[in-house]
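The structure appears right after this line, and notes come after that.
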Amino acid sequence: MAVGFRILSRKRVVAGEWVERARALPVANISDVMSRMAAGGATLRPMHAAGGMAGPALTVKTRPGDNLMVHKALDIAIAGDVIVVDAGGDLSNAIFGEMMLAQAARRGVAGIVIHGAIRDAAAIRANPLPVFAAGVTHRGPYKDGPGEINGPIAIGGMVIQSGDLVLGDDDGVLAVAIDDCRAVIEAAEAKQSAETKQMAAIEAGTLDRSWVDASLRRLGCEMPEV
């Protein structure tokens with residue numbers, strides 16, 4: 001067994017129902033109902049033209065600056081997958097660029113997450129296929145390995161198992177474990193419904209803001225009586 005240089009089988013994949021329901025929700029609301037304890041780190045920013053991302057993770061762990069296993073992931077990805085690459089956050093060498101983006105689009109990939117750098121930023125910025133990355137550099141990659149596909153990875157402390165639900169929008173990237181999807185998505189839908197009502201109350205000028213002063217008093221803030 002070549003630990004660190006192997007391709008594993010993906011045992012489970014998040015159900016399509018949760019992918020589609022999550023696609024309609026802001027990542028921030030899903031993050032909130034996960035107690036704000038999961039995040040891929042503030043460095044993962046959208047590099048593409050516009051639009052959100054949702055799909056099952058196809059995980060890749062690679063040596064920083066090397067994209068051999070990323071190329072292999074592109075060859076085995078199926079339509080709807082989100083390829084999530086832990087390249088250690090290193091920005092010295094780009095491990096994804098325009099040619100690979102074209103291959104991802106041809107495979108029907110739903111998105112790319114690179115915990116590392118990309119290049120050909122203008123071409124990626126002009127394309128609607130979601131790409132999230134930590135940075136940009138013109139320096140190209142090596143193709144020697146090692147790396148793993150379909151193993152567990154961690155980005156910014158967020159653990160991602162292959163097949164987990166991966167989401168992204170302008171606020172960043174988030175992963176939801178397969179077994180948590182029902183509870184998380186249902187709670188986020190309820191939160192979204194409540195926020196829709198709250199926004200209507202704001203626009204109507206009827207929103208109850210008494211909680212602000214109540215919180216300040218509870219916390220011992222000295223303030224004049226109004």
Side-chain angles (χ1 to χ4, degrees), residues 14 17-55 57 82 84-91 111 113-118 121 125 130-137 152-161 164-226:
V14 60
E17 174 188 358
W18 305 121
V19 174
E20 293 309 312
R21 288 169 66 171
R23 197 187 306 278
L25 297 167
V27 169
N29 282 1
I30 297 174
S31 176
D32 281 353
V33 302
M34 295 175 71
S35 300
R36 305 179 177 96
M37 289 294 289
T43 61
L44 288 178
R45 305 308 307 150
M47 301 289 180
H48 56 290
M53 172 186 74
V82 174
V84 188
V85 182
D86 175 12
D90 183 78
L91 304 181
V113 178
I114 305 291
H115 189 214
I118 62 162
R125 190 164 53 245
V131 176
F132 293 79
V136 178
T137 180
I153 61 174
I155 297 177
M158 180 175 69
V159 176
I160 308 169
Q161 301 280 352
D164 283 350
L165 175 61
V166 178
L167 310 163
D169 64 15
D170 285 344
D171 288 335
V173 174
L174 179 64
V176 185
I178 294 175
D179 292 334
D180 293 335
C181 280
R182 176 185 292 275
V184 167
I185 299 306
E186 289 179 349
E189 288 172 338
K191 179 176 177 60
Q192 180 72 2
S193 177
E195 288 192 354
T196 299
K197 295 175 182 177
Q198 185 177 1
M199 186 63 73
I202 291 173
E203 293 172 354
T206 60
L207 184 67
D208 181 5
R209 300 282 296 168
S210 61
W211 68 269
V212 178
D213 285 351
S215 294
L216 291 171
R217 292 190 184 95
R218 176 176 57 83
L219 294 168
C221 177
E222 182 177 338
M223 53 191 289
E225 294 295 330
V226 178

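Keep in mind it's a predicted model, so treat the numbers as computed, not measured.
Residues V176 and M34 meet the side-chain proximity criterion, which asks for heavy atoms closer than 4.5 Å. Residues V113 and M53 have side chains in contact (heavy-atom distance under 4.5 Å, counting atoms from C-beta outward).
A search for salt bridge (Lys or Arg N to Asp or Glu O under 4.0 Å) contacts involving D164 returns nothing, not counting sequence neighbours. Every side-chain contact (heavy atoms from CB on, under 4.5 Å) that A133 has, sequence neighbours left out, goes to M47, I114, I118. Every residue meeting the side-chain contact (heavy atoms from CB on, under 4.5 Å) condition with A201, not counting sequence neighbours, appears here in chain and number order: T206, L207. Judged as a side chain to side chain donor-acceptor pair (under 3.5 Å), and not counting sequence neighbours, the contacts of S210 are D208. V27 meets the side-chain contact (heavy atoms from CB on, under 4.5 Å) test with L167, D169, L174; sequence neighbours excluded.
The two residues I155 and V85 make their nearest non-hydrogen contact at CD1-O, 4.1 Å. Taking all atoms of both residues into account, the shortest heavy-atom contact from G116 to A87 is CA-CB, 4.4 Å.
Judged as a ring pair (Phe, Tyr, Trp, His ring centres under 6.0 Å), not a single pair has a partner in residues 169-217 (not counting sequence neighbours). Residue pairs meeting the side chain to side chain donor-acceptor pair (under 3.5 Å) criterion with at least one member in residues 194-203, sequence neighbours excluded, are N29-E195, K191-E195.
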Show me the side-chain donor-acceptor pairs of residues 18-26 shorter than 3.5 Å, one per line, residues at least two apart or across chains.
unit_1: E20; atom_1: OE1; unit_2: R23; atom_2: NE; d: 3.4
unit_1: E20; atom_1: OE2; unit_2: R23; atom_2: NH2; d: 2.9
unit_1: R21; atom_1: NE; unit_2: E189; atom_2: OE2; d: 2.9
unit_1: R21; atom_1: NH1; unit_2: E17; atom_2: OE2; d: 2.7
unit_1: R21; atom_1: NH2; unit_2: E189; atom_2: OE1; d: 2.7

Sequence neighbours left out, cut at 3.5 Å: what donor-acceptor pairs do the side chains of residues 36-46 make with other protein atoms?
unit_1: R36; atom_1: NE; unit_2: D32; atom_2: OD1; d: 3.0
unit_1: R45; atom_1: NH2; unit_2: D170; atom_2: O; d: 2.4

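Of the inter-residue distances, the one linking D86 atom CG with M158 atom CE reads 10.5 Å to the nearest 0.5 angstrom.
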